[in-house]
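Following: one structure in structure tokens, then a few remarks.
Position 1 is the first residue of the sequence; numbering continues from there. If you're wondering where the values come from, they're calculated on a predicted model, not measured in any experiment.
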Amino acid sequence: MTEEKQEEELAKAPPEEGKRVSNWTAFKESWAYVGKASKEPTIQIRAGDRNSANILKAAIFGAFIFLAIPFLAPKELALWCYILADLLFFAAAALFVISRFGILRVMSMRHALVCYQLMVGTSLLSIVLAFNLVLVVVLILAGPYLIQLSQH
């Protein structure tokens, strides 16, 4: 690219593009950008990706139904419903991630590494959130019992 064309491209670019901004600003701008991209009619999504997203949505809905069944049906079904809900959601989430992981091979090494780090970081964040949610539920349900145990 000639120097003149580079200058033209820089003149067309928004003044803040490429500059460092705060993490919160970058998050908000990225969220808006992805939202805009998801509504863009010219972007083609593979049928497999669309199907895995629909399977994941159905699995989340199904998992909530399986989690509710023990409240509506015999309590003996609770453990089996929880196991089935967990397996259903796990399989759908794994399919969702695996079907999209291949995109890394066509990215530049830098972008592939950043995307991979985002995937790992998001996974770790999900684990921490799940652990804390379980901890809160246990403390709510078993709190009085735990307090009673600690007083003896």
Linking I/L/V/M/F/W/Y whenever their side-chain heavy atoms sit closer than 4.5 Å, directly or via other members, would [X] and [Y] fall into one cluster?
X: Phe101; Y: Val120; answer: yes
X: Val34; Y: Leu56; answer: no
X: Phe64; Y: Leu129; answer: no

Other than [X], which residues form its hydrophobic cluster under the rule that side-chain heavy atoms must be closer than 4.5 Å?
X: Leu118; value: Val114
X: Ile55; value: Leu95
X: Leu113; value: none

- Item | Pairs where residues 122-141 contributes a residue and the test side chain to side chain donor-acceptor pair (under 3.5 Å) is met, not counting sequence neighbours |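 Residue pairs passing side chain to side chain donor-acceptor pair (under 3.5 Å), neighbours aside: none found.
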
- Task: Output every pair passing side chain to side chain donor-acceptor pair (under 3.5 Å) with a member in residues 23-34, not counting sequence neighbours, ordered by first then second residue.
- Result: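 Qualifying pairs: Ser22-Thr25.
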
Applying side-chain contact (heavy atoms from CB on, under 4.5 Å), name anything that partners [X], two or more places apart in sequence or on another chain.
X: Ile43; answer: Ala37, Glu40, Ile45
X: Ala53; answer: Phe96, Arg100
X: Gln44; answer: none
X: Val134; answer: Val138

Kindly list each side-chain donor-acceptor pair under 3.5 angstrom involving residues 77-91, sequence neighbours excluded, with atom names and distances?
none

- Item | Residues which pass salt bridge (Lys or Arg N to Asp or Glu O under 4.0 Å) with Arg46, listed by chain and number, not counting sequence neighbours |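 Testing Arg46 for salt bridge (Lys or Arg N to Asp or Glu O under 4.0 Å), a comparison that skips the adjacent residues, returns Asp49.
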
- Message: Checking Ser108 now: which residues fulfil side-chain hydrogen bond (donor to acceptor under 3.5 Å, both in side chains) with it, not counting sequence neighbours?
- Response: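 Counting only residues at least two positions away or on another chain, Ser108 forms a side-chain hydrogen bond (donor to acceptor under 3.5 Å, both in side chains) with His111.
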
